[in-house]
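Here is the structure we will look at, set down as structure tokens.
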Amino acid sequence: MIEVILPDGAKRQLVSGSTGTALATNISKSLAKKAIAIKQNGKLVDLALELTDGAAVEIITIDSPEALELLRHDCAHVLAEAVQELFPGTQVTIGPAIENGFYYDFAREQPFTPYDLEIIQKRMKEIIDRNEAFIREEWDRQEAIKFFESKGEVYKAELIQDLPESETISIYRQGEWLDLCRGPHMPSTGWVGAAFKLMSVAGAYWRGDHRNAMLQRIYGTVWRSEKELAAHLTMLEEAEKRDHRRLGREMDLFHLQEEAAGSIFWHAKGWTLYRQIEAYMRHRLEGAGYFEVKTPQLVDRALWEASGHWDKFRENMFTAETEDERILALKPMNCPCHVQIFRQGLKSYRELPMRMAEFGSCHRNEPSGSLHGIMRVRAFTQDDAHIFATENQITSECKEFCDLLLSIYEDFGFTEVRVKFSDRPDVRAGEDSVWDKAETALMDAVNASGLEFELNPGEGAFYGPKLEFVLRDAIGRDWQCGTFQVDFVLPERLGATYVGEDSQRHTPVMLHRAILGSFERFIGILIENYAGRLPIWLAPVQVTVATIVSDADQYAREVFNQLKAAGIRAEIDLRNEKINYKVREHSLAKTPIMLVVGRREAIEGTVAVRKLGVKEQETLALSEAISRLQIEAKMPIGL
RNA sequence: GCCGGCGUAGCUCAGUGGUAGAGCAACUGAUUCGUAAUCAGUAGGUCCCCAGUUCAAAUCUGGGCGCCGGCACCA
């Protein structure tokens, strides 16, 4: 007999050799029907596995949170079987579960077409209907390699070759087909059900390395029920509607065109939004003790060689040649330029920390395939700043920065922020003692700020550890925006020094930091987060005055003039159109407030206030409406 | 950069070798209307670019550019 412990602490005796299936049946028939796996001592295993004496076990059913990952991975296996049945000679590689679904990477000469996906999907249904049991086998390593090599599966053979010696080589069979797999799996293919869909084919490098062969990756999504699948597909459609590229056009904010790939043509409304953000940031930085500078766009390569960027990023830098054959580079970053300003004149420790900010316009020749709307462009503006400080100012500067960053994110409507702490990479500059100091200071600082953070080991910059700030948007997507980096290398390389209390020269620490990241990308994120319905302080047009009849034109102009005088960004719509039509148009344009005026309002000196998305209106005296709007539309800078 | 798909009116798309189309938007006229589409009419195209095949190319072939979905990259 063996004894296992259930999640509620209850103990259950079973005959030796009992499996998870036996346990589930032992507990109840209905549970056995829904059981798909076992969690034994915290590890997911097959239902068919023999339980060990004294183990803490939990029955995983199709409704358990853990089930989705199994479901998705199983679906990937079904996909692989379908593909190999339909396209003999195709090699399988790996096929994991991912968020919302799964993928499988295949090696095949001919590309899969959208039509192929339909055929594959049909075959998958058949395989699921066959309800073949997933059967685990453990193989000898060398035999497994031989087996896969004999089948021409060189990728699988390579995978086994590279598995650590300690690892058991497990194979899962489903009917005639089998795959190398760690497991676990659900009892049979039937459990995958019908709520799946193949989504797309894409290229992907073998083992994520661009020097390797390109495989074909088929993406799919799978859910417990048709209803969940439908909800997921609806969510995708909704996400598409808030795509910043689409809204940018619909709201007349910006456009992109071939002749300037990767650079943005800002239209009047988009530029108004941009300027609002810039003005807001300028206020916040000023309040936080920064001063603003502006540095050159074109800088001789000599400076980039000195900073080390020429070596590393030459391929991605735009250059221009002068008549006397000097090579200038369009600046890809601002740091070296800021050091030049710092180096002007002798600096005292009394001047530190020195917080130098720039809305730095940068150019990087990003790979063509990486461009994406206004989120990833070749010409962008960082809300950049460098804090020149002494080593023992790092902690306080970092804490102040975190406070500033969180407060700014909150003003933009982002309250869910995650922090990643990236420490020393294998290849790095600087003594370990300096790294110890930098990491400790940063760690103290992030602790002092009260922020939760996760470790990102080895992901720091080559010159120092960094914090990365990731914000979550309204539909749960994460965006990395802010950064805070401790740098001991660049000031040294570029010869920045200050005179300390001891009247000796010292090298300052340079703290690289950004909050928005880039204006362009951040605006893209804002648009998608708000689905275009920007908070009133950011909206390019805050208020539209719309008339119902032309008799109200004169009064509408008066309303409009008073709004302008009150500093509100207003528009006026005197067109001879029905009010329904105007309401619809301005709602689609996502203008936050409409002031509707007809004969009644003109006579009474009032306005009907209609807020975007709200059917009910409120009629207010004009002066009252304006003073309320003035407060509502105000930039959150505490003035 | 790599793999695949796509490129026709401002937008969404139809058109597969023989006269370039629809809906919406735009413009003009009429309509003066109370909170998400008034009616009628008009105009709008280098069918991404460059070569080639053909009597004839939006359509077929080759090259280029751009965009989209991924991968890789992201100081």
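Chain letters run A, B, ... following the sequence lines, proteins first, then strands; residues in each count from 1.
- Phosphate proximity of B:A36 to A:Lys582: absent, as no side-chain N or O sits under 4.0 Å from OP1 or OP2.
- Side-chain contact between A:Arg211 and A:Tyr205 is absent, with no heavy-atom pair separated by less than 4.5 Å.
- Across all strands shown, B:C2 pairs with B:G70; the Watson-Crick or G-U wobble distances both stay below 3.5 Å.
- Picking from B:G66, B:G70, B:U35 the nucleotide with the shortest atom distance to the side chain of A:Tyr219 gives B:G70.
- Distance noted for atom P between B:A57 and B:U61: 15 Å (whole Å).
- Each of B:G1, B:A75, B:G34 was ranked by its minimum atom distance to the side chain of A:Ala608; first place goes to B:G34.
- Rounded to an integer number of Å, the gap from A:Met375 CE to B:G69 P is 11 Å.
- In this model, the phosphate group of B:G69 is approached by a side-chain N or O of A:Arg245 to a distance below 4.0 Å at OP1 or OP2.
- Among the atoms of the strands shown, only primed sugar atoms or phosphate atoms (P, OP1, OP2) are found under 4.0 Å from some heavy atom of A:Arg249.
- In this structure, B:A51 forms a base pair with B:U61, meeting either the Watson-Crick or the G-U wobble geometry with both donor-acceptor distances under 3.5 Å.
- Checking B:U35, B:A26, B:U32 against the side-chain heavy atoms of A:Ile579 singles out B:U35 as nearest.
- Here the side chains of A:Trp435 and A:Phe488 are not in contact, with every heavy-atom distance at 4.5 Å or above.
- Residue A:Ser370 places no side-chain N or O under 4.0 Å from the OP1 or OP2 atom of B:C74.
- A distance of about 49 Å separates the C1' atoms of B:C73 and B:G18, rounded to the whole Å.
- Residue contacts shown for A:Glu577 include a base, since a base heavy atom lies under 4.0 Å away.
- Nucleotides B:G21 and B:U35 are separated by 42 Å at their P atoms, to the nearest Å.
- Taking a pair to require two hydrogen-bonding distances under 3.5 Å in either a Watson-Crick or a G-U wobble arrangement, B:A20 remains unpaired.
- What separates CD of A:Gln480 from C1' of B:C74 is a distance of 10 Å, to the nearest Å.
- Distances from the side chain of A:Arg584 to the nucleotides B:A36, B:C73, B:A75 place B:A36 closest.
- At the phosphate of B:G69, OP1 or OP2 sits under 4.0 Å from a side-chain N or O atom of A:His372.
- Here the separation of B:G41 from B:U16, taken at their C1' atoms, is 34 Å to the nearest Å.
- Taking 4.0 angstrom as the limit, A:Arg575 places none of its side-chain polar atoms (N or O) nearer than this to OP1 or OP2 of B:U32.
- In the set B:C71, B:A26, B:C33, the nucleotide with an atom closest to the side chain of A:Ala204 is B:C71.
- Among the protein residues, A:Gly308 comes within range of no part of the nucleic acid, since none of its heavy atoms lies under 4.0 Å from any strand.
- Here A:Leu215 lies out of heavy-atom contact (under 4.0 Å) with every strand.
- The side chain of A:Asn316 sits closest to B:A75 out of B:A75, B:G70, B:U35.
- A gap of 23 Å separates the P atoms of B:A20 and B:U53, to the nearest Å.
- Across the strands present, B:G34 finds no partner; the criterion is a Watson-Crick or G-U wobble pair with both atom distances under 3.5 angstrom.
- Within the structure, every side-chain polar atom (N or O) of A:Arg211 is placed at least 4.0 Å from both OP1 and OP2 of B:C2.
- Distance, A:Arg600 CZ to B:U35 C1': 11 Å, rounded to whole Å.
- The partner of B:G41 is B:C27, judged by Watson-Crick or G-U wobble contacts that both fall below 3.5 Å.
- An OP1 or OP2 oxygen of B:A36 is reached within less than 4.0 angstrom by a side-chain nitrogen or oxygen of A:Arg610.
- Base engagement by A:Pro332 is indicated by at least one non-hydrogen atom pair under 4.0 Å involving a base atom.
- A perpendicular orientation is assigned to the rings of A:His512 and A:His386, their planes being inclined by more than 60° (bins at 30° and 60°).
- Comparing B:A36, B:C67, B:G70 by their closest approach to the side chain of A:Leu371 singles out B:C67.
- Between A:Asn576 and the phosphate of B:U32, there is no side-chain N or O to OP1/OP2 separation shorter than 4.0 Å.
- For the C1' atoms, the distance linking B:A72 with B:G1 amounts to 8 Å, nearest Å.
- With hydrogens and angles ignored, no donor-acceptor pair closer than 3.5 Å exists between the side chain of A:Tyr205 and the base of B:G70.
- Stacking here means ring centres nearer than 5.5 Å and ring planes tilted less than 30 degrees, and by that measure A:Phe313 stacks onto B:A75.
- Side-chain to base pairing of A:Gln216 with B:G70: no donor and acceptor N or O lie closer than 3.5 Å to each other.
- Between A:Ile603 atom CD1 and B:G34 atom P there is a gap of 15 Å when expressed in whole angstrom units.
- Set against B:C74, B:A36, B:G66, the side chain of A:Ala261 has B:G66 as its closest nucleotide.
- Heavy atoms of A:Gly373 sit under 4.0 angstrom from primed sugar atoms or phosphate atoms, though from no base atom.
- Residue-to-nucleotide contacts include a donor-acceptor pair under 3.5 Å from the side chain of A:Arg376 to the base of B:C73.
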